[in-house]
Amino acid sequence: MNNDVMKNKIFLETYGCQMNSYDSELVCSILAKANYALVPTEDEADVVLLNTCAIREHAHQKVYNRIHEIKRGHNPAGGGAGGHPVIVGILGCMATNLRTELLENRKFKIDFIAGPDSYKRLPQLIDEAAKTEVRGGEVRGKGEEVRKVFDITLSEFETYSDVYPRRERGVNAWLAVMRGCNNFCTFCVVPYTRGRERSRSVENVVEETRRLAGEGFRQVTLLGQNVNSYFCEGADFADLLEAVSAVEGIVRIRFTSPHPKDFPEKLLDVVARNPKVCKHIHLPVQSGNNRILELMDRTYTREEFLALTGKIRVQCPSIALTTDIIVGFPSERDEEFRDTVALMRDVEFDSAFIFKYSQRKGTIAARKYPDNVPESVKTERIVHLNEIQKAMSLKKNRAHIGAEYAILIEEEPSERFPEYIQGRTDGNKLVAIPKADHALGDFVQVRITGASANTLKGVAI
Ligand code: 5AD
Ligand code: SF4
């Protein structure tokens, strides 16, 4: 189908979260099956696909800049591989969030867009865009009417269960077990960009895990916008973890992210007991203040969050806890921010991703609450929290000195430190050890000899 228009060289670039990385692997698989060839640089490409993220304004801006670059600077002759203009397609969360802005805006010159549930239609969309005389996502049909090339329909059922992703060889494989989100936290665009929650069957996830273990992957990270809402044919996320852990060849299982509102006892029990399930929980708290948590519609209180982390620590003392925090949510006052500071000190997270609130089009917060915390205040708050977390991470990392862990070697030596190789502990801490004859995928028993805020140093024992 694509041969008659000779636009079959694809360059794909991915932004955003691990779910988007996984989706890109699905896209590669779908396109390879339809005889498209993936090329390693945009200069060789007929079609450039950007798999985009919409979570914060910064993510948008990066993509807009790239579109300009691709359409102009990087292709001075205006051309893809055959000298014809390169086709630019926008995939992912920006596609569903900003359809009108993307297609109507003449400055951006996008040729087509496809939302996260439309990837099976990509070959048709590319083909249609390639036949377009008029750029900017328009097709002039017989009767002079203008058609846009896009598909952003969100599905209640699409899970891509029948597509086996094309992964680069490695140690860790991403695996989406559910898609979408039903939570509607007021700041978050995901329910709008990715639609309603839907889960894949246990058998289907286990089957994919067996296959990737057969390809040499040793760790699988189960993904979902809200993994503990996983539910399929009577099986919950704890059941799924147990089933996946039975797959031979897989030595470690990670998952991200659960929601603090519904972290069940049964799941905690599996994490604590099952030796393949890593002792690390990423538990986004977002704020330590009850009024702000309510405005965010997180449906838990600061006290409930503290009770949950307390219980987790009792049942699984070696657990590593990490989190996400938003500063400068609309109307957040200084004393309310200080509640977040206090919560961070109380919980002592192993690490934290801290973000400035960014108003997102279409969200409940964008409709109800003016983005009224000044940028300078957001900056002060994020700098303050980052300092606290850095000191905390350093303190926690130093406490590991002298301890022994099994690390799974996950990364090749870097150019800066070619004599070191890096692996992760069960608690997701990066440990650098002298390379010796260790290789990717090895499990190495190490003693920790040094620590910074971000990494540990160790020696094999
Ligand atoms: N502004 C800032 N941060 C956000 N996040 C999600 N939406 C927004 C927003 N509008 C953060 C949350 C979430 C993480 C993935 O991104 O902390 O947990
Ligand atoms: Fe970004 Fe959220 Fe979409 Fe992931 S799901 S790409 S974080 S907007």
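For ligands, and for the atoms within them, numbers begin at 1 and follow the listed sequence. Remember, it's a predicted structure, so these values are computed and weren't measured experimentally.
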- Note on the structure: R56 heavy atoms within 4.0 Å reach ligand 1 at atoms 1 (N), 2 (C), 3 (N), 4 (C), 5 (N), 11 (C), 16 (O)
- Give the residue, atom name and distance (to 0.1 Å) of the protein heavy atom nearest atom 4 (Fe) of ligand 2. C17 SG, 2.2 Å
- Message: Checking contacts here: is it the side chain or the backbone of N20 that comes within 4.0 Å of ligand 2, counting heavy atoms only? Could be both or neither.
- Response: side chain
- Query: Between K356 and T379, do the side chains contain an N or O donor and an N or O acceptor separated by less than 3.5 Å?
  - Reply: yes
- Structural part of C53 in contact with ligand 2, heavy atom criterion under 4.0 angstrom: both
- Heavy atom of the protein closest to atom 1 (N) of ligand 1 (residue, atom name, distance): S358 N, 3.0 Å
- Mind checking whether F263 and F255 have parallel, tilted or perpendicular rings, split at 30° and 60°? tilted
- Decide whether T96 and T193 meet the rule of one side-chain donor and one side-chain acceptor closer than 3.5 Å. no
- Message: Any atom of ligand 2 sitting under 4.0 Å from a heavy atom of G92?
- Response: no
- Task: With heavy atoms of V190 as the reference, note each atom of ligand 2 found under 4.0 Å away.
- Result: 2 (Fe), 5 (S)
- Message: Ring-plane angle category for H259 and Y300, please: parallel below 30°, perpendicular beyond 60°, tilted otherwise.
- Response: perpendicular
- Considering only heavy atoms, which of H282, Q359, H259, K356 lies nearest to atom 2 (C) of ligand 1? K356
- Could a heavy atom of M19 be found less than 4.0 Å from some atom of ligand 2? no
- Task: Tell me, please, whether F187 has R360 positioned over its six-membered ring: NZ or CZ under 6.0 Å from the ring centre and within 45 degrees of its axis?
- Result: no
- Task: Report yes if I326 has an N/O atom closer than 3.5 Å to an N/O atom of ligand 1; otherwise report no.
- Result: no
- Item | Residue part near ligand 1, for F187, under 4.0 Å between non-hydrogen atoms | both
- Task: Report yes if some N/O of R360 lies less than 3.5 Å from some N/O of ligand 1; otherwise report no.
- Result: no
- Q225: numbered ligand 2 atoms lying under 4.0 Å from its heavy atoms: 5 (S)
- Message: Is it true that S331 and R291 share a donor-acceptor pair across their side chains at a distance under 3.5 Å?
- Response: yes
- Task: Could you tell me the residue and atom name of the protein heavy atom closest to atom 15 (C) of ligand 1, and the distance to it rounded to 0.1 Å?
- Result: D324 OD2, 3.8 Å
- Cut-off 3.5 Å, side chains only: do D324 and H282 have a donor facing an acceptor? yes
- Item | Ring centres under 6.0 angstrom apart (F329, Y357) | yes
- Item | E42 and V86, any side-chain heavy atoms less than 4.5 Å apart | no
- Message: Just to be sure I read this right, does ligand 1 sit under 4.0 Å from the backbone of I55, its side chain, both, or neither, counting only heavy atoms?
- Response: both
- Task: Show which atoms of ligand 2 fall inside a sub-4.0 Å distance from at least one heavy-atom site of C93.
- Result: 3 (Fe), 5 (S), 6 (S), 8 (S)
- Item | Side-chain donor/acceptor of D151 to backbone N/O of L125, under 3.5 Å | no
- Query: Going by the atom numbers of ligand 1, which of them fall below 4.0 Å from some non-hydrogen atom of Y357?
  - Reply: 1 (N), 2 (C)
- Query: Does CZ in F353 sit with more than 12 non-hydrogen atoms of other residues, nucleotides or ligands closer than 6.0 Å?
  - Reply: no
- Query: Atoms of ligand 2 less than 4.0 Å from R194 heavy atoms?
  - Reply: 3 (Fe), 5 (S)
- Verify the distance criterion only: is there a donor paired with an acceptor across the side chains of N290 and R302 at less than 3.5 Å? no
- Task: Enumerate the atoms of ligand 1 whose separation from the nearest heavy atom of Q286 is less than 4.0 angstrom.
- Result: 12 (C), 13 (C), 17 (O), 18 (O)
